[in-house]
Amino acid sequence: MSLISQNTRQKRRLEKRGSDDDSDEIIGSTVAAGAEVVNETKSQNGNKERKRKKAKALEAKEKEEKEKMRQLEDSLFAPLYAPLQFGTEVEAAVCDKDAPSFFLDRSAGDGEEDLPVYEEDLSSEDELNGTDNRGRKPAWVDDEDERTEVDITKVARLRKLRKEAAERVISGKEYEARLRGQHAKLNPFAGWADMDRKAPVPGLSDGESDEEGGVDDILQNNDELVVKDNAKLLPDMLGFSRLIDGNAQERSSGPINSVQFHRNGQLMLVAGLDKHLRFFQIDGKRNPKIQSIYIEDCPVYKASFLPDGSEVILSGRRKFFYSFDLVNAAVSKIGPLTGRDEKSLEHFEISPDSKTIAFVGNEGYILLVSSKTKQLIGTLKMNGNVRSLAFADGGNQLLSSGGDGHVYHWDLRTRRCIHKGTDEGSLAGISLCTSHNSSLFATGSTSGIVNVYKRDDFLGGKRKPLKTIENLTTEIGEMKFNHDAQILAISSRKERNGMRLVHVPSLTVYQNWPGPGFSLHYPRCLDFSPGSGFLSVGHAGGKVLLYKLHHYQNA
């Protein structure tokens, strides 16, 4: 073999090997590139698949939630125009404008109507269907409350609805009317708050009314059933409310011995051992103080208005007494009385005609003083010591009682005793009071017994009292009838909560006074307002308790 041929072969081999190497590189690069494309495509497809699955899951979830919401709505707000039927799914109801606004369920009656209806309601339907439902009975009637009866004596708080003491059962309609009347009585109507109230017609006076509204107002008004000036107070339960204390703005520093309302019903005096005379304007809400007067040398045991409202008389355990002129705001010291040597003028009474002041003197003497001149004009003498006084017959007569257990009647025009009678069961009388019309009087003794008498019968020789009240066991301190003599208040200074209210027509004691949640402390004085709307009680703690009596509308 020649060198050239060997070189040629070797060159061919090298070229062939090189070509093989190039082809391998090209194939390898191609394969690698294809692999990368395939991997990228697969990843993109996988992402799309995952997104598609996620979208489907979200769609399915939203669909499921919508279905649940639809089912919840159907269960809570059942379709009005497509009533449910048992065994079928609830589907959304499509409202039709011409669809009826209600439907009748006849599923429980085998296709028959079992609902009771009135003839008027189905008159048109009966005419169309040719049926007659007149034999059917209604499910209820409008006057069912007429057949309802209520026993108003079973519950204590309903007894105040009675119009007579013996009344027990009333109809449902009457019961409703009386409840409304009681509500109107306790909550007086405020005319300014009525938005529908008709404005007064210009040109008409207060006593006139327009032709349209006048008759309607009279026919629609039930005030006559609610409030009556001459309505009788019922026994057993007394309607009352506790108000803010009468002297809340200035409490006394000592026991209170006197409380009294002025004749106008708005002014009240308070006096006691702290030597102060205070005046308050009573409105039941604030009771503002008007004036306070300090009496330096006289702890006040009693203070009282003259019935004409011009003066206040004050006294204590002194030989003298004071007069306070309300018009001139002047205080005058009077006494000692000429010809008398009394060491105390603490007990006195003023006649209803404001002419005479009667003081309790020594050794059975009664001192008569002119309220105008403040001079002694006469004396009366009874057996035993004088303990209590009370005027009657407009100031022409005077009642007295004392240590001998008798009740004396004096004629002040002749200054003579016209009658003397024994107070039954009394060893020593210490309190007296008469009603405003002088038809009744009551006596209180040291044993806590109160006797109520009819004065004409007592003067005629009948000594038996109408009623003997034994609810208190200690000596009676003060008694008072209200203005219409339907309530008698009795109190004892030596007994805690020692005060009772007596229903005079039935002569029974009110059991709900003063109530389980209220304390009267040790009551020392009391007074009714002129219209009996308020009751004030002064006690040893220096407070004046104020109560509203619901039966009476005027202070």
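Heavy-atom basis, side chains included; hydrogens, waters and symmetry copies ignored. The residues of the chain are indexed from 1 along the displayed sequence.
A heavy-atom distance below 4.5 Å is not found between the side chains of Pro530 and Asn554. Within the 4.5 Å cutoff, no side-chain heavy atoms of Cys433 are placed close to those of Lys480. In this structure, Ile313 and Ser304 have side chains that are not in contact, with every pair of non-hydrogen atoms separated by 4.5 Å or more. Annotation: side chain of Phe391 is in contact with side chain of Leu412 (closest heavy-atom distance under 4.5 Å). Side-chain atoms of Tyr552 and Ile487, non-hydrogen and from C-beta on, do get closer than 4.5 Å to each other. Thr338 places none of its side-chain heavy atoms less than 4.5 Å from the side chain of Leu376. At least one side-chain heavy atom of Lys467 sits under 4.5 Å from a side-chain heavy atom of Ile469. Two residues are said to be in side-chain contact when any heavy atoms from C-beta on lie closer than 4.5 Å; Lys543 and His521 fail this criterion.
Atom CG of Leu306 and atom CG of Asp325 lie 9.5 Å apart (nearest 0.5 Å). Remark: Leu459 CG to Gln397 CD distance equals 7.0 Å, nearest 0.5 Å. In this structure, CD1 in Ile282 is found 8.5 Å from CD1 in Ile290, a value given to the nearest 0.5 Å. To the nearest 0.5 Å, atoms CG (Asp274) and CD1 (Ile295) are separated by 11.0 Å. We find the OG-CD1 distance between Ser426 and Ile449 to be 8.0 Å, quoted to the nearest 0.5 Å.
No option in Ile350, Leu337, Leu345 other than Leu337 meets the side chain to side chain contact (heavy atoms under 4.5 Å, CB included) test with Val369.
Listed for the Arg455 side chain is no donor-acceptor partner under 3.5 Å among the backbone atoms of Phe441. In this structure a side-chain-to-backbone donor-acceptor pair under 3.5 Å is present from Ser371 to Ser354. Under a 3.5 Å cut-off, the side chain of Ser351 and the backbone N or O of Thr356 do form a donor-acceptor pair. The backbone N or O of Val544 lies less than 3.5 Å from a partner atom in the side chain of Asn247, making a donor-acceptor pair. Counting only distance, with no hydrogens or angles, the side chain of Asn328 and the backbone of Ala330 share no donor-acceptor pair below 3.5 Å. Of the possible polar contacts, none joining the Arg493 side chain to the Glu478 backbone as a donor-acceptor pair under 3.5 Å is found. The main-chain N or O of Leu238 is found under 3.5 Å from a side-chain atom of Asn512 such that the two form a donor-acceptor pair. One N or O on the side chain of Ser435 and one on the backbone of Ser439 form a donor-acceptor pair closer than 3.5 Å. Put simply, the side chain of Asn287 never gets that close to the backbone of Ala248: no donor and acceptor are under 3.5 Å apart. Side-chain atoms of Ser529 come within 3.5 Å of backbone N or O of Phe534 as a donor-acceptor pair.
Counting heavy atoms of neighbouring residues, nucleotides and ligands inside a 6.0 Å radius, atom CZ of Arg496 exceeds 12 of them. Counting non-hydrogen atoms of neighbouring residues, nucleotides and ligands closer than 6.0 angstrom, the NZ atom of Lys355 reaches no more than 12 such neighbours. Annotation for Leu427: atom CG does not count as buried by contact number, only 12 or fewer foreign heavy atoms lying within 6.0 Å. Within a 6.0 Å radius of NZ in Lys420, more than 12 heavy atoms belonging to other residues, nucleotides or ligands are found. For NZ of Lys381, the number of neighbouring non-hydrogen atoms (other residues, nucleotides, ligands) closer than 6.0 Å is greater than 12.
No salt bridge links Lys275 with Asp297; every basic N to acidic carboxylate O contact stays at or beyond 4.0 Å. Ion pairing of Glu167 with Arg178 is present here, as a side-chain N (NZ or NE/NH1/NH2) and a carboxylate O approach within less than 4.0 Å. Between Glu424 and Arg463 there is no salt bridge, since none of the side-chain N atoms of the basic residue sits less than 4.0 Å from a carboxylate O of the acidic one. Note on Lys454 versus Asp456: no salt bridge recorded, every NZ/NE/NH1/NH2 to OD/OE distance being 4.0 Å or above.
Side-chain contact annotation: Gln266 with Asn264, donor-acceptor N/O pair under 3.5 Å absent.
Aromatic rings from Phe324 and Phe279 are positioned such that their centres are separated by under 6.0 Å.
The aromatic rings of Phe321 and Phe359 sit tilted relative to each other, their planes meeting at an angle between 30° and 60°. Ring geometry, Tyr408 versus His406: the interplanar angle falls from 30° to 60°, so the pair is classed tilted.
For Arg162, the salt bridge (charged side-chain N to carboxylate O under 4.0 Å, His left out) partners are Asp236, not counting sequence neighbours. Remark: Arg242 pairs with Asp245 by the salt bridge (charged side-chain N to carboxylate O under 4.0 Å, His left out) rule, at least two apart or across chains. Applying the salt bridge (charged side-chain N to carboxylate O under 4.0 Å, His left out) test to Asp393 and every residue at least two apart in sequence or in another chain returns nothing.
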For Ser252 and Arg278: C-alpha separation, side-chain torsions, deciding distance, then whether side-chain contact (heavy atoms from CB on, under 4.5 Å) applies.
CA-CA 9 Å; Ser252 299; Arg278 298 179 177 90; 3.2 Å; yes

Show your reasoning for whether side-chain contact (heavy atoms from CB on, under 4.5 Å) applies to Lys319 and Arg340.
CA-CA 9 Å; Lys319 295 181 178 182; Arg340 302 300 307 178; over 6 Å; no

Begin with the C-alpha distance, continue with both residues' side-chain angles, and end with the deciding distance and a verdict on side-chain contact (heavy atoms from CB on, under 4.5 Å) for Ile170 and Leu161.
CA-CA 10 Å; Ile170 60 176; Leu161 301 179; 5.6 Å; no

Evaluation steps, salt bridge (charged side-chain N to carboxylate O under 4.0 Å, His left out), between Lys302 and Glu349
CA-CA 10 Å; Lys302 183 164 184 178; Glu349 291 293 332; 2.9 Å; yes

Would Trp513 and Leu520 count as a side-chain contact (heavy atoms from CB on, under 4.5 Å) here? Give the steps.
CA-CA 10 Å; Trp513 171 269; Leu520 299 176; 3.9 Å; yes

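Nearest heavy atom pair, residue Met237 against residue Ala156, reads CG-O, 3.6 Å.
Judged as a ring-ring contact (aromatic ring centres under 6.0 Å, His included), the pairs with a partner in residues 245-266 (not counting sequence neighbours) are, in order, His262-Phe305.
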List the atom pairs, donor and acceptor, that lie under 3.5 Å between side-chain atoms in residues 499-508 and the rest of the protein, sequence neighbours left out.
residue, atom, partner, partner atom, Å
Arg500, NH1, Asn497, O, 3.0
His503, ND1, Ser506, N, 3.3
His503, ND1, Ser506, OG, 2.6
His503, NE2, Leu233, O, 2.5
Ser506, OG, Thr508, OG1, 2.8

Acceptor/donor pairs from residues 383-390 side chains to any protein atom, 3.5 angstrom cut, sequence neighbours excluded:
residue, atom, partner, partner atom, Å
Ser388, OG, Ser401, OG, 2.6

